[in-house]
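Residue numbers start from 1 in every chain, and the chains themselves are labelled A, B, ... in the order their sequence lines are given, proteins ahead of strands.
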Amino acid sequence: MGNHKSKSGSSLLIKGGHLIDPAARIDAPMDILLKDGRVAEVAAPNQIKGADEKFDARGLIVAPGFIDLHVHLREPGQVYKETIATGTAAAAAGGFTSVCIMPNTAPVVDSPEWVHWLREPERGAQVSVFPIAAATLASKGAILTDFRALQRAGAIAVTDDGKPILDDDIMREALTRGAELNLPIVQHAEDVRMTENCAMHAGAKSFRLGLRGMTAAAEASVVERDVHLAMQIAKSRYHVAHLSTADALKAVRRGKRANARVTCEVTPHHFSLTDEDVGDYDTNYKMNPPLRSASDLEAILAALADGTVDAIATDHAPHAAHDKEIEFERAAFGITGLETALALAITKLHREKRMPLARVVELFTAGPARCFDLRGRGSLGRGCHADVTIFDPKKKWIFERAKSLSKSRNTPFDGWKLTGRVVATIVSGKIVYPA
Amino acid sequence: MNPARGSLLGIEHLDTAEILKILKFARRMNPDKPRPLLKGKRVVLLFYEASTRTRSSFEIAAKVMGAHTVLIQSAGSSIEKGESLLDTGYTLRAVGADIIVIRHPNAGAPLVMAQHIDVPVINAGDGLHEHPSQALLDAYTILRNKKSFKGLQVSIVGDIFHSRVARSACHLLGKFGVKVILCGPPELVPDIAATIAPGVRVTRHLEDALRGTDVIMLLRVQKERLAGMQIDLPDYISRYQMTTARLKMAKKDAIVLHPGPIIRGLELTSEIADGAQTRILDEVHNGVPTRMAILARAVGRMR
Ligand SMILES: [Zn+2]
């Protein structure tokens with residue numbers, strides 16, 4: 001499904017690096033030969049001879065190409081915020097070789113035609129693009145889309161992201177039809193009846209700022225209902241997008257313990273920041289779900305470590321300055337995230353919380369690949385797609401949003417001192433970053 | 001960009017010395033004796049929300065000090081046509097505004113304006129956030145009736161959640177070590193309200209709030225809001241309405257404040273509204289010298 005084809009016959013040898021491939025249980029020095037867009041060989045150092053090109057990976061971690069399950073690229077319709085070309089360039093800079101893109105565009109991607117359109121070469125994607133289609137027509141929550149036709153066209157999951165699938169009957173029917181097709185239903189868990197006019201998390205900070213707050217219950221109640229349904233409907237697949245609360249994690253654990261096919265993702269900002277960081281109405285800290293309490297953040301850190309969380313996903317949500325430089329309550333929700341995700345994971349999870357690098361890599365590779373069944377990705381076994389992310393886990397750097405490859409600048413991480421930086425991103429055997 | 005010197009965006013980030021300076025200067029201001037500290041200055045009153053007392057109070061204060069005032073209200077202006085807050089700000093700066101007094105339905109809007117426009121911005125009430133000039137005039141009124149803030153207890157009764165007056169009052173009184181008691185049902189006074197400033201606590205019982213208190217601040221209860229929150233109005237009245245009998249639980253010399261407009265028969269009885277301990281009209285009166293001080297401070301003339 002990738003959009004890139006390497007020249008037939010060309011081969012690339014990645015030499016001298018330390019391979020972390022959690023799906024293959026490898027965490028050792030290894031050389032890797034990429035050929036014809038696939039992994040041709042993985043062997044101990046200096047065993048592989050003869051390649052058209054070599055990449056010197058000494059001192060670096062070599063990992064399967066990162067997969068981002070949750071990206072807004074704003075095409076069609078909002079190209080002033082981002083395009084597939086600019087968004088995927090930012091993805092490549094952040095080490096992502098595959099991005100799953102959200103359907104809440106203008107128009108909403110609710111037809112096979114739009115799914116095809118997203119995957120056309122004319123879009124100029126720098127990495128592999130996997131459309132997630134709308135679960136209901138125009139994401140209005142009322143009438144289910146044609147899952148089978150969308151899946152045939154290339155959709156890997158369905159969601160009404162930006163909004164929840166709220167109606168009990170619609171959700172039950174979506175999970176049932178998804179089960180027949182082995183198609184994950186991705187939920188933006190927010191009971192919008194409880195969050196009207198809310199701009200941030202409900203807590204001491206929102207009270208102080210005079211902002212109406214979204215309660216943790218508005219998220220958790222939806223996840224609880226959905227997990228309950230997923231446990232009832234055989235073979236159904238349910239994925240919680242950008243999970244942000246301790247109570248929602250409890251529901252996910254319950255589902256996993258019951259062997260329901262329940263998965264979830266967490267964003268870098270939800271494991272790095274809390275509601276107190278909103279400061280004095282800084283709209284670069286306004287997103288949905290909102291930054292939560294310190295105890296929610298603690299629960300997320302524990303769940304990332306213990307395996308409850310399956311993937312780190314950015315919820316990259318670019319917005320133009322005029323969408324953000326306005327009254328906090330009227331400002332758009334969302335921040336960019338593709339270029340800071342790995343560094344935040346290394347800085348906040350690996351260095352501060354001692355999470356093993358192999359687990360960090362798993363959350364960007366094998367974990368997300370399993371959530372949406374991305375075959376031949378998220379691992380570097382022989383025959384897998386030649387998607388590779390090479391990074392320096394010790395490199396200290398300062399993120400400057402002015403240098404971002406995204407069209408938008410709405411990030412709270414400008415000027416942050418981070419550790420861990422992408423050195424090269426390879427898609428289908430071709431180096432796409434640095435360009 | 002940092003807000004221009006002289007801006008007044010809230011009480012939270014003001015220190016006690018600055019507050020006392022404003023109050024001291026206000027005491028020297030007399031609305032009946034013109035002081036041309038703002039002579040030739042343009043004061044823009046930018047009101048995105050209807051207001052009678054705050055707007056007229058600022059307007060009189062500005063005029064007494066010799067300023068030209070320009071009133072811009074959302075109805076009939078470019079605001080109504082969808083102009084952004086910042087574009088309005090740039091326009092006002094371009095026409096030579098020396099001070100922008102802004103009231104806005106969204107919390108934090110005056111700060112957005114102040115961060116982008118190098119003109120002093122005065123918050124005349126922003127959403128549920130702050131209403132600093134009201135807190136200052138209430139402090140002024142309290143100090144006209146009490147020797148100092150030392151050892152005082154102030155009880156605020158009513159819809160705290162929706163009240164920018166309450167938030168500003170908590171910040172101001174908390175800075176001076178005043179004991180603040182917030183009183184009302186959980187829907188209007190969430191427990192989390194106690195975290196807003198040091199020395200603030202929450203109670204559900206009016207007797208608890210009134211016993212031995214020096215100042216009672218009543219807040220307006222909006223019927224439509226109560227309906228939306230499914231609060232029983234008769235029940236609210238029976239539990240929280242200020243009556244002559246209840247006022248006796250407070251200290252003998254306790255005073256009653258209310259930012260207005262009042263609703264007789266709801267948060268207070270007519271006897272209380274017109275009673276000897278009530279200072280509601282004093283508050284209105286004290287609004288002008290307080291706002292004169294705030295405007296003088298905005299142009300660096302509070303000396
Ligand atoms: Zn979402």
The reported gap from CG in A:Leu209 to CD1 in B:Ile196 (rounded to nearest 0.5 angstrom) is 9.0 Å

Main-chain N/O of B:Thr195 paired to A:Arg208 side chain as donor or acceptor, under 3.5 Å:
yes

Within 45 degrees of the axis of the six-membered ring of A:Phe207 and under 6.0 Å from its centre: does B:Arg167 put its NZ or CZ there?
yes

For B:Ala107 versus A:Gly210, what's the shortest heavy-atom pair and its separation?
CB-O, 3.7 Å

Neighbour count above 12 (heavy atom, 6.0 Å) for B:Arg204 CZ
yes

Comparing B:Ile160, B:Asn106, B:Asp126, B:Leu9 against chain A, the one with the most heavy-atom pairs below 4.5 Å turns out to be B:Asn106

Does A:His322 have more than 12 heavy atoms from other residues, nucleotides or ligands lying within 6.0 Å of its NE2?
yes

Apply side-chain contact (heavy atoms from CB on, under 4.5 Å) to A:Arg330 and B:Leu85, showing your working.
CA-CA 11 Å; A:Arg330 301 178 65 192; B:Leu85 178 65; 6.0 Å; no

B:Ile192 and A:Gly203: which non-hydrogen atoms are nearest, and at how many Å?
CG1-C, 3.8 Å

With respect to chain A, which residue among B:Pro105, B:Ala197, B:Ala193 yields the maximal number of heavy-atom pairs within a distance under 4.5 Å?
B:Ala193

Over 12 non-hydrogen atoms of neighbours within 6.0 angstrom of NZ in B:Lys179:
no

With under 30° as parallel and over 60° as perpendicular, where do the rings of A:Tyr281 and B:His129 fit, or are they tilted in between?
perpendicular

Taking CG in B:Asn2 as the centre, count heavy atoms belonging to other residues, nucleotides or ligands within less than 6.0 Å. Is the count above 12?
no

Need one label for B:Pro190: side chain, backbone, both or neither, based on atoms under 4.5 Å from any heavy atom in chain A.
side chain

Are there over 12 heavy-atom neighbours, none belonging to B:Arg93, within less than 6.0 Å of that residue's CZ?
no

Quick one: does any side-chain atom of A:Glu327 pair with a main-chain N or O of B:Gly108 as donor and acceptor, under 3.5 Å?
no

Are more than 12 heavy atoms, taken from residues, nucleotides or ligands other than A:His228, located less than 6.0 Å from that residue's NE2 atom?
no

Under 4.5 Å from any heavy atom of chain A, what part of B:Glu12 do you find: side chain, backbone, both or neither?
side chain

Would you call A:Glu325 and B:Leu86 a side-chain contact if the rule is heavy atoms closer than 4.5 Å?
yes

Looking at every heavy atom in both A:Asp280 and B:Leu111, which two are closest together, and how far apart are they?
O-CD2, 3.3 Å

